[in-house]
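This chain uses plain numbering: 1 for the first residue, then up along the sequence. Start at 1 and go down the list; that is how both ligands and their atoms are numbered. Predicted, not measured: the structure shown is a model, and the values here were computed from it.
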Amino acid sequence: MNIRVINSVLLVLTLAFSAQLKAEWYSENAGIMGTNIYVEVWAETPVQGELALRAVMAEMERINQLMSPYIDTSELSLINAKAGQQPVVISDEMFELLDKSVNISELTKGAFDITFASVGYLYNYKKNQRPNEATIASLLAAINYKYIKLNKPNKSVVFTHDKVKIDLGGIAKGHAVDNSISLLERMGIMHGLVTAGGDTRLIGDRRGKPWIVGIRDPRDEKKQAVVMPLQDSAMSTSGDYERYFEEDGKRYHHILSPKTGKSTYDVQSVSIIGPSSTYNDALSTAVFVMGLREGLGMINRIDGYDAVVMDNQRKMHYSNGLQQ
Ligand code: ADP
Ligand code: MG
């Protein structure tokens with residue numbers, strides 16, 4: 001081959017190779033854990049991009065299989081079936097999440113309580129079903145996180161009240177987002193976003209500009225109430241619009257007071273901004289239950305966390321850290 005031919009072969013190879021190496025945004029949507037999952041990453045190659053998207057979706061599905069109350073074989077279902085009678089040995093991951101849940105119950109004076117499900121499991125928002133007053137009254141005593149006994153050396157859990165059920169709907173998505181972000185970081189992703197329903201966490205910025213994360217209008221899904229420019233941070237939103245039905249003009253939604261076994265009405269939407277999606281998720285549910293004054297007061301006392309609250313008159317409120 002003469003030099004000119006070699007040069008043109010090299011040129012073709014270089015072009016082909018650099019097309020292969022094209023750094024770009026890669027994104028994907030999927031329906032997992034009863035919600036919309038969205039992942040967006042800046043990757044150096046299509047292979048890196050594809051692997052990153054697949055890793056996150058696989059992680060979401062793994063956690064769904066472990067923590068869904070709707071899957072009979074999930075670890076959560078197994079715990080609910082047995083832990084009211086005897087200690088159940090559980091996975092390290094489940095043990096740690098139950099331990100965190102109990103700690104957050106203490107921090108929030110019981111507003112966040114995964115045993116809400118002792119009554120909560122009788123609501124079916126898709127079928128407009130709710131428990132009657134007598135049923136709520138008979139099961140209310142089974143809502144109390146203090147009935148969850150975790151034994152660290154044995155990695156086991158037992159409920160010291162036989163009617164206790166737990167549900168991780170207020171924390172599992174945040175946990176899944178945190179795990180997904182760790183996976184992406186280990187794959188070398190420097191700019192990325194993972195969203196599971198109302199829980200979002202970001203790696204870096206959007207290459208030279210912040211990520212824009214919206215808080216939707218609780219009464220109009222096409223409108224944003226507020227947009228937050230964020231980077232290297234996370235935000236979770238809890239609202240009375242995610243799962244609900246209406247009966248006689250009353251909205252029965254999925255965030256329940258552990259004291260009453262019923263929906264709370266002080267606010268319409270709570271967003272928590274902080275470094276951990278697991279905590280943001282649980283704290284957004286807790287502040288929703290605590291209401292505006294008590295909830296915002298608590299967030300103002302926790303270092304590194306901020307809140308945006310829309311009250312039941314649609315007025316916006318911000319924690320001290322967000323006020324300029
Ligand atoms: P979503 O992203 O689904 O809107 P939220 O973070 O707003 O989730 O949490 C709502 C979910 O939390 C409910 O669907 C339920 O599974 C669970 N939950 C409801 N009330 C409580 C409570 N008081 N403590 C802990 N979890 C709760
Ligand atoms: Mg939450």
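- With a heavy-atom cut-off of 4.0 Å, Glu242 touches ligand 1 through its side chain alone.
- Taking any N or O of Asp281, backbone or side chain, at least one lies under 3.5 Å from an N or O belonging to ligand 1.
- The distance criterion of under 3.5 Å between nitrogen or oxygen atoms is not met by Asp199 with respect to ligand 1.
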Taking it one step at a time, do Asp113 and Lys146 satisfy salt bridge (charged side-chain N to carboxylate O under 4.0 Å, His left out)?
CA-CA 10 Å; Asp113 188 335; Lys146 289 180 181 148; over 6 Å; no
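- Residues in residues 64-73 take part in these side-chain hydrogen bond (donor to acceptor under 3.5 Å, both in side chains) pairs, two or more places apart or across chains: Glu61-Gln65.
- By the 30° and 60° cut-offs, the orientation of the rings of Trp211 relative to Trp25 is perpendicular.
- With a heavy-atom cut-off of 4.0 Å, Asp113 touches ligand 1 through its backbone alone.
- Between Leu256 and ligand 1, at least one pair of N/O atoms sits closer than 3.5 Å.
- Of all the listed residues (Ala172, Ser238, Ala117), Ser238 holds the heavy atom that lies closest to atom 7 (O) of ligand 1.
- The proximity of Ala111 to ligand 1, defined as any non-hydrogen pair under 4.0 Å, is limited to the backbone.
- Nearest residue to atom 16 (O) of ligand 1 from Ile114, Val119, Asp167 is Asp167 (criterion: closest heavy atom).
- Around atom 15 (C) of ligand 1, the closest heavy atom drawn from Tyr125, Tyr123, Phe116 belongs to Phe116.
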